[in-house]
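Read the structure below first, then the notes.
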Amino acid sequence: MNNQQISDLFKKIAVAYQIKNLPNSRFKVIAYERASEEIKNFPTPLEKMWKEDRLDEVPGLGSSMISHVKELFTKGKVSHFEAILREIPQSMFTLLSVPGFGPKKAYRLVTYFKLDNPKTVVEDIKVLAEKGKIASLEGFGEKSQKDILDAIGQFEKGQVKENRILLGLAYELSSNITEYLKKSPLVKKVLALGSLRRMRETIGDIDLAVATEKSDEVIEYFLKYPDQSQIVEKGKEGATIRLGNGRQVDLRVIPPRQWGSMVQYFTGSKAHNIQLRELALRKGYSLNEYGLTPLKNKKQKILEFDTEEKLYKFLGLPRIEPEIREDRGEIEAAIHKAKDQKPGLPQLVKLSDIKGDLHIHTSFNIETSHDLGSHDILTLLKKADSLGYEYIGISDHNPSQSKHSEDKILSIMKIRKAYYEHKKRSNKSIRTQLLIMLEIDIRPNGDLALPNQCFEYIDASIVSVHSEFRMDKEKMTDRVLKGLSHPKARILAHPTGRLLTGRVGFELNWERIFEFCKKNNKAIEVNASPYRLDLSDIMIRLAVQNGIKLIINTDSHSKEEMDNMKFGVSQARRGWAQKNDILNTMRYNEFKDWLLY
DNA sequence: GCCGTTTTCGGCCCGACTGTTTTCAGTCG
Ligand SMILES: Nc1nc2c(ncn2[C@H]2C[C@H](O)[C@@H](COP(=O)(O)OP(=O)(O)OP(=O)(O)O)O2)c(=O)[nH]1
Ligand SMILES: [Mg+2]
Ligand SMILES: [Mg+2]
Ligand SMILES: [Zn+2]
């Protein structure tokens, strides 16, 4: 079982305990939910942690859960879990994906109506609601029966609770809405918060906060957003709508004097908020989105904060960048920093630190079996210049080996080099330096897909896997390391091959990869394409902890895509990377020394 | 069931909105 599957199992146990509703099970539910989240985000397979007897290093796992996990790996199942899950129909877990259905409602309906087929349960409920059989149940009524039908309608259109969108798309959707909101003179401030401000790789919904003295009017204005397709709920503190594409948008409104606490709350993450609120409690205050209330002399008014900094400062903490607010040690590190102790908070790498982009495809016809870029070299160089880059690396895909003889490939590579150099010389006003590189396939046997005599015509290369993903982990690691062994192979690009639109990447033995990279001075790419973001934030953190050097590249196939650098930088920040962890923050001469070493 | 500037027991974040409810449970943020 992989971490995702174990996480799902733990979530089910949390749900089961929630249904039981025993007086002492409340915190057990929370414990299992927390463990489920931690396991999902843990960078190393639990099976490996188990074999190394290191399960106690997984946050949220205590002696009881550790013994369950051990049983899972030795016997293939956990008898305690099986016993709990036997008591509830599995069909209810399907219903939990429908918006508005939680453990209680789902359990109630599937048991009352004896619906135990997970494949038909949604349709079964729909039919019952249409026949008006649900309204008469205690706790239900005409309205909730209609709401169930609506929710199932949304569900059938693809609005599954766990559906998420890519960071790049969320960025666009949210800027459209914030632009709209800013047009109202009543709106003093507006910010996109939640996972978007933390720059998570995928986004569940869009969370917005507005500072205003006129809450009601602003909420009404928000509800008139042209792309609004449904009003999910509205109240005096905010509202929730859906867009034309079904995506949910949450709005909270707040007077400017309480802006700081609202922004803090709505930025999250949930786990970070809980940690911060527990810290506040230890200091004698209750924290919510409106401010801090002293625990004793409750009559004293709430303390208000118009900026986040002031709130964190009051709690004795320095500013914590949104990207690392995930309860992965940032509050402890912030406390250290405040006391001048180590390890404190990292000085995270910034977009303005980036001095080059080494993975760009041009429209030069290199006769590859992969895709070309859509812009010519000069257009891309000009774009790089406008971004203030000191250098870029053109990394077209290698020419197809099946379609061409070695001589033909050699000739293409010679012509390409001469062409790029000529173009570069032809425009003296472009300050950005050009590195002639190549993105070379690592073939299944580990060979690089470029004849040896061609390497003379490139400065360096990035190497990557584009075929035969289904391979044993150790074999895949052998393959990648063999490819990376070539002296001119400097960067391992999109190292897991995952696509956030669905394709899961292949597995690698990261210990071996990291060790090799360190020993041989190779870098690993953080691919900034919103479709990839590969390495991922959690793997970046592990790489940084292991002293691995990273390079953030856009993998651009057009000049516009070069603006995706911010997404890659944000993932590096989420992985606690500092400037010196990222090689393309170096000046041209330094970088060139590294690349051509 | 987890966890430790309160360290092996006694805490565990806090609030908005809705529907079916006379006071709250459920779901969600
Ligand atoms: N204190 C507290 N804050 C919460 C809780 N749930 C959510 N929040 C805050 C922190 C979240 O970042 C913020 C927005 O909630 P969302 O459910 O939209 O989560 P988020 O945007 O982080 O992730 P998402 O991509 O939408 O799934 O609200 C909670 O249970 N307690
Ligand atoms: Mg959100
Ligand atoms: Mg939300
Ligand atoms: Zn590429």
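The chains referred to below are lettered A, B, ... by the order of the sequence lines, with proteins before strands, and numbering in each begins at 1. Note that these values count all heavy atoms, side chains included, but never hydrogens, waters or copies made by symmetry.
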Exercise. Check every strand shown and say whether A:Lys270 touches a base, only sugar-phosphate, or nothing at a heavy-atom separation below 4.0 Å.
Key: base
Quiz item: Which of these nucleotides, B:dT5, B:dC12, B:dT27, is closest to any side-chain atom of A:Pro103?
Solution: B:dT27
Quiz item: Taking only side-chain nitrogens and oxygens of A:Asn273, does any of them come within less than 4.0 Å of OP1 or OP2 of B:dC13?
Solution: no
Self-check item: Sugar-phosphate only, base, or nothing, as touched by A:Glu138 at under 4.0 Å among non-hydrogen atoms
Solution: nothing
Quiz item: So what does A:Gln248 hit on the nucleic acid, given a heavy-atom distance under 4.0 Å: a base, only sugar-phosphate, or nothing?
Solution: sugar-phosphate
Exercise. Would you mind classifying the nucleic acid contact of A:Asp250 as base, sugar-phosphate or nothing, using non-hydrogen atoms under 4.0 angstrom?
Key: sugar-phosphate
Quiz item: By centroid distance (under 5.5 Å) and plane angle (under 30°), are A:Phe27 and B:dC12 in a stacked arrangement?
Solution: yes
Quiz item: For atom P, what is the distance between B:dT18 and B:dC12, given to the nearest Å?
Solution: 29 Å
Quiz item: If the C1' atom of B:dC13 is compared with that of B:dG29, how far apart are they to the nearest Å?
Solution: 12 Å
Quiz item: Is A:Ser286 touching bases, backbone alone, or none of the nucleic acid, heavy atoms closer than 4.0 Å?
Solution: sugar-phosphate
Quiz prompt | Nearest-angstrom distance from the residue atom CG of A:Leu61 to P of B:dG1 | solution = 13 Å
Quiz item: When we call it a touch if two heavy atoms are under 4.0 Å apart, what does A:Ser25 touch: a base, just sugar-phosphate, or nothing?
Solution: nothing
Quiz item: Does a distance-only test, which skips hydrogens and angles, find a donor-acceptor pair under 3.5 Å between the side chain of A:Lys339 and the base of B:dT5?
Solution: yes
Quiz prompt | Donor-acceptor side-chain pairing of A:Gln248 and A:Thr240 below 3.5 angstrom | solution = no
Practice problem: Return the 5'-most residue of the pair A:Phe140, A:Gln18 with respect to DNA chain B, ranking by each residue's nearest nucleotide. | Solution: A:Phe140
Quiz prompt | First encountered from the 5' end of DNA chain B, between A:Gly139 and A:Gln341 | solution = A:Gln341
Practice problem: Return the value, rounded to whole Å, for the distance between atom CD1 of A:Ile254 and atom P of B:dC14. | Solution: 17 Å
Exercise. For B:dA25, take OP1 and OP2 only and decide whether either is under 4.0 Å from a side-chain N or O of A:Lys105.
Key: no
Exercise. Would you please indicate if the ring centroids of A:Phe567 and A:Tyr171 are separated by under 6.0 Å?
Key: yes
Quiz item: Once the angle between the rings of A:Tyr17 and A:His80 is folded into 0 to 90°, is it parallel (under 30°), tilted (30 to 60°) or perpendicular (over 60°)?
Solution: tilted
Quiz item: Base, sugar-phosphate, or nothing: which does A:Leu281 touch, judged by heavy atoms less than 4.0 Å apart?
Solution: sugar-phosphate
Quiz item: Any Lys/Arg nitrogen of A:Lys224 or A:Glu220 sitting under 4.0 Å from an Asp/Glu carboxylate oxygen of the other?
Solution: no
Quiz item: For B:dA16, does either OP1 or OP2 sit under 4.0 Å from a side-chain N or O belonging to A:Tyr290?
Solution: yes
Practice problem: Check every strand shown and say whether A:Gly268 touches a base, only sugar-phosphate, or nothing at a heavy-atom separation below 4.0 Å. | Solution: nothing
Quiz item: Which part of the nucleic acid, if any, lies within contact of A:Ile30, taking any heavy atom under 4.0 Å across all strands shown: a base, the sugar-phosphate backbone alone, or nothing?
Solution: nothing
Quiz item: Would the A:Phe10 and A:Phe81 ring centres measure less than 6.0 Å apart?
Solution: yes
Quiz prompt | Residue pair A:Arg197 / A:Thr267, side-chain donor-acceptor N/O under 3.5 Å | solution = yes
Practice problem: Name the nucleic acid region contacted by A:Leu287, choosing base, sugar-phosphate or nothing; use a 4.0 angstrom heavy-atom cut-off, strictly under. | Solution: sugar-phosphate
Practice problem: Kindly say if A:Thr240 contacts the phosphate of B:dC17, meaning a side-chain N or O under 4.0 Å from OP1 or OP2. | Solution: no
Exercise. Looking at every strand, decide which applies to A:Arg252 at a 4.0 Å heavy-atom threshold: base, sugar-phosphate, or nothing.
Key: sugar-phosphate
Quiz prompt | Paired nucleotide for B:dT8 [Watson-Crick or G-U wobble; both distances under 3.5 Å] | solution = none
Quiz prompt | Integer angstrom distance from the C1' of B:dT7 to that of B:dG11 | solution = 13 Å
Quiz item: Nearest-Å distance, NE2 (A:His68) to C1' (B:dC2)?
Solution: 13 Å
Quiz item: When you measure from the side chain of A:Ser64, which nucleotide among B:dG26, B:dA16, B:dG1 comes out closest?
Solution: B:dG1
Quiz item: Among B:dC12, B:dG26, B:dG19, which is the nearest nucleotide to the side chain of A:Lys104?
Solution: B:dG26
Quiz item: Looking across every strand, which nucleic acid part, if any, lies under 4.0 Å from A:Tyr265 by heavy atom: base, sugar-phosphate, or nothing?
Solution: base
Self-check item: Closest to the A:Glu237 side chain, choosing from B:dC28, B:dC17, B:dG1
Solution: B:dC17
Quiz item: How far, in whole Å, is B:dT8 from B:dC2 if one measures between their C1' atoms?
Solution: 12 Å
